[in-house]
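These notes concern the structure reproduced below.
What's counted below: heavy atoms across the whole structure, side chains too, no hydrogens, waters or symmetry copies. Here the structure is a predicted model, which means the values were calculated and not measured.
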Amino acid sequence: MKPSELSIDTRNYLLNRVLPKFISFLSLPILLRLINPIFWGEIALLVGLQSLFSGLFSQGKDASIERYFFRLSKKETKSYSKAYLIRTFLLLSLGLIVIELFFRFNIINFFDLPYGLPLRFALVGSLFLAHQKYLLAILRATKKSKKVLQYTQFIAVLLPLSQVLFVYFIIYIRDFNDRMIVSAYFFAQIIVLIASNIIIYRFIRKQIENGQKNLGTGTENISKYSNMAFLFILFSSFINWQDRYYIKYYLTEYDVGLYDVIYRYVDIIGVIIGSFLIALAPILFSKKDSGTKYFTSVENLIYLAFLIAAGGTFISKIAIEIILPESFHSAANIVPILAIGLAFASAASITTTIFDVNERKDLNFKGIFFATIINALGNIYLIPEYGILGAAFSMLISGIFWFLLVLYFAKAFGFTMKRGLLQIASINLLIVTNFLFWKESFIFDLFGILIFIIISIRSVRLTKDILKFSL
């Protein structure tokens, strides 16, 4: 393994994840000036539902094909993929029928979420999202990071552009308060996803040689791994999106819209950290014995997650006022608390890489399961009292618990945080200070810019250390 391989893959996957986020940052202010907070709240709820159903449709197969790709023969890979595709279409058909019946006969009150074209489009879109994840997992497993980057660039540019154009078209022929705006948002997504699925599939079918590096170590754990990955994905969806539904239940769709926009801003933590994990995973999974050398990279990534959280927090007050319409500025004060919560969640996700390497996906599930329960209870008790800030606190509490739990599990594999906990505590103290003095003067904002610059320099140096990893 050449030392530069991780650097190249990480660069590509970093661009692969950051570029869509950057384009989203550019398109989001435009969309938010076309879509009011109430409609954006409905979109956020449907995106959450879409995340849940794409997890259901995926059945954990995207995670298992990436983990076991080098152990499957060409014939086994084709059979595995064909069975997956058939099941997803059957699940979509069944899901549409069941939900149609439930709404027609008022069997469920889906947090008063209106049923119509937007929900139907969101469900269909979730199928193509699941397929796209599966196809990209194959590309990642074969270390085709350049191709992943190319396809992601295509989707990243075309998707928001299509959504802006479709939404603007509805506004042009109707008005700003027509619910068809929500339908247009998801219809544009379906068109782009269909095109991207076809293009990626054609490339894989023509050029990927599935049996090029068969490790011959067996796949007896693939079903168990896939099932645990499936459960992990479902509960990841719950912990990431259930807060919107509790906000809708206790508050309004307007509040959902405010919270979701700020969440998208803060979620840059997971985007950057995830790019490193995506680059690291195929390297570890392609070896019979990965050892423990990668533990240093895991610890450095955890530290980097909190540095990014701190940097984003201290620049957020200025950034949000520039990027977002004024109607969303009132929610900016949740940034510090949400940033710490998502940093702890990212740290937990980083640590679960150890379980993936050792084929212990059940430990991933145990961690996310208990964290999701705590997050749900926190939302129930805190949102009625503190509003969207309560949802942020709930994410913080569940994130801390999740990280400490998986850290405890990781001790069985020899992983401990030797020097990082004190550094993490110091960074979080800085973020809490920012939260306490959020309403202070412009001088404090200038001080925040200085801290942001210092943290950015430290983050760049740490990133260089991480990129030196090799087995």
Side-chain angles (χ1 to χ4, degrees), residues 9 12-28 31 43 46-47 49-63 65-66 69 77-78 80-82 84-89 91-92 118 120-167 169 183-208 210 233 237 264 267 271 274-275 278-279 282:
D9 283 342
N12 289 336
Y13 287 127
L14 186 62
L15 290 173
N16 168 45
R17 291 173 68 87
V18 173
L19 181 64
K21 195 72 174 182
F22 176 70
I23 295 175
S24 176
F25 274 141
L26 296 179
S27 64
L28 191 60
L31 282 169
I43 288 173
L46 290 173
V47 170
L49 188 67
Q50 196 175 60
S51 174
L52 173 63
F53 272 85
S54 66
L56 285 169
F57 294 146
S58 75
Q59 308 157 59
K61 304 303 182 186
D62 54 332
I65 195 67
E66 183 174 358
F69 185 85
T77 302
K78 285 185 176 180
Y80 191 77
S81 300
K82 184 178 179 180
Y84 161 71
L85 292 174
I86 292 173
R87 280 196 296 268
T88 55
F89 279 106
L91 284 171
L92 174 65
R120 291 183 177 96
F121 285 156
L123 290 177
V124 173
S126 64
L127 174 70
F128 293 108
L129 277 173
H131 285 182
Q132 181 176 280
K133 289 177 183 177
Y134 185 84
L135 295 172
L136 291 177
I138 294 176
L139 290 179
R140 289 196 301 270
T142 53
K143 302 179 186 177
K144 302 286 185 181
S145 63
K146 288 184 180 179
K147 282 297 178 182
V148 174
L149 176 60
Q150 289 175 5
Y151 293 133
T152 304
Q153 288 174 333
F154 167 76
I155 299 166
V157 173
L158 193 58
L159 181 57
L161 179 62
S162 301
Q163 289 173 329
V164 169
L165 290 176
F166 273 75
V167 168
F169 175 73
S183 298
Y185 181 92
F186 287 101
F187 182 73
Q189 181 195 49
I190 291 174
I191 299 300
V192 174
L193 287 175
I194 290 174
S196 66
N197 271 259
I198 293 173
I199 293 170
I200 298 172
Y201 172 74
R202 290 182 66 182
F203 171 78
I204 290 175
R205 187 172 181 178
K206 287 181 179 180
Q207 300 196 30
I208 298 296
N210 293 316
I233 291 169
S237 176
R264 289 181 183 229
D267 194 42
V271 170
S275 66
I278 289 173

Please report the interatomic distance [atom1]([X]) to [atom2]([Y]), rounded to the nearest 0.5 Å.
| X | Y | atom1 | atom2 | result |
| --- | --- | --- | --- | --- |
| Ile199 | Gln132 | CD1 | CD | 10.5 Å |
| Ser51 | Phe53 | OG | CZ | 11.5 Å |
| Leu49 | Ser54 | CG | OG | 9.5 Å |

Within-4.5 Å side-chain heavy-atom neighbours: Gln163 and Leu159: yes
Tabulate below the donor-acceptor pairs under 3.5 Å that side-chain atoms of residues 183-194 make, not counting sequence neighbours, or state none.
| unit_1 | atom_1 | unit_2 | atom_2 | d |
| --- | --- | --- | --- | --- |
| Gln189 | OE1 | Gln50 | NE2 | 2.7 |
| Gln189 | NE2 | Gln50 | OE1 | 3.1 |

